[in-house]
Amino acid sequence: MKISKIVTTAAVSLLSLSLAACGGGAGSGGGAKTIFKLAFNQTEQHPQYTAGVEFGKKLEEATQGRYTVKVYANEQLGGQADVIQNLSNGSVEMMWVGGPVMESYNPDFVVYNLPYMFDSVESFRATMADLDAMKELYTSIEESKSITVLAGVYAGSRNVYNSKRPINTPADLNGLKIRVQQSDSQVKMIEAMGAVASPMNNGEVYSALQTGVIDGAENNEPTWDALKQSEVAKYYSYTQHLMIPDYLLVSTKVLNAMSEEDQEAFKKIVPEIQAMASDGFQAFTESSIEHATSIGAQFNQVEDKQAFKDLVQPLVDESINANETRKALAETITANNAAHPAK
Ligand code: GCU
């Protein structure tokens, strides 16, 4: 064998090794294909799953098969707080993450995790669609953590549910142990509303409810129902305290390792995927309510939401006024609320 041939063979093996290391393998067209693992903590019925699969198809087309995406649902790659560390070190390439998890990486993300910030779904979506206004925040942890935020999507509004009783007033929450997402803002929020906070991973909530470790949680209807929490916490009360984005993340290192042309193609797909994930949420919410009702869940409207708002207002004020960046981000929300008031 000629030296040049040996060198080529060695280079090819090295290439396949590195592709295997980032989840790649031989593509069906015979060319090398790199597969980005996209971690997801919910089921295949969720619109973010469908949008992730679509991202893969579009990326494959746009890069002539050089790249694609495989979505790993149901926390197969771990809970969000762990997965984001793996994304930061480059061993997971992409993920969907709940907004509060971002606070440990840059506390300014808190602006979007505070209660009663958005007056309407339209205001929320207009805020998320303004990628220019979000750009600084989205790229703020690229250098330090190798995390790039691509887009925020609509993930419903969050309400309190529990196994004991309907919640109508803050007093009804007294003494109840309520699971929240793992961040400072979420703990402070639920405690201000009158409950005892219990932060944990989404995947642990069902058994914590079942064993009585917690009395309830707060989430959108699809998460509550698809993860079977509706079987063990049947009182779902419309406090409507939160509208929080889920973000699509990519490892900065992984993104930068693509050619400029492929990076362009990758970024161009984002707005379409963002819209797709957000659009699908309403129908998913309706079918979740229907299913939960069929298994005996009980819904109640909260007449006096102002009572909850008043209790969390100091937290909102303190969090927003902490620095100029947050004030500016909150101002764009105020402007969008004025343009898209509550109906
Ligand atoms: C929602 C959200 C998830 C998040 C989950 C949670 O389902 O879409 O990103 O992980 O809530 O409460 O943990």
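All values derive from a computational prediction rather than experimental measurement. Order of listing sets the numbers, starting from 1, for every ligand and every atom in it. Residue numbers start at 1 and run along the sequence shown.
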* **Salt bridge flag under 4.0 Å for residues Asp215 and Lys164** => yes
* Lys/Arg N to Asp/Glu carboxylate O, Glu122 vs Lys343, below 4.0 Å ->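 A salt bridge links Glu122 with Lys343.
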* Ring centroid separation for Phe299 and Tyr236, is it under 6.0 angstrom? -> yes
* Tyr67 vs Phe36, ring-ring contact (aromatic ring centres under 6.0 Å, His included): CA-CA, chis, key distance, verdict -> CA-CA 7 Å; Tyr67 293 94; Phe36 291 160; 5.3 Å; yes
* Please name the pair of heavy atoms, one in Ser237 and one in Asn159, separated by the smallest distance, quoted to 0.1 Å. =>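 Heavy-atom minimum between the residues: O-CB, 3.2 Å.
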* Structure fact -> Less than 4.0 Å from some atom of ligand 1, heavy atoms are found in residues Asn41, Gln42, Gln80, Gly98, Arg158, Arg179, Gln181, Asn202, Asn219, Asn220, Thr223, Asp246
* Does atom NZ of Lys327 have more than 12 heavy-atom neighbours from other groups under 6.0 Å away? ->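 More than 12 heavy atoms, drawn from other residues, nucleotides or ligands, come within 6.0 Å of this atom.
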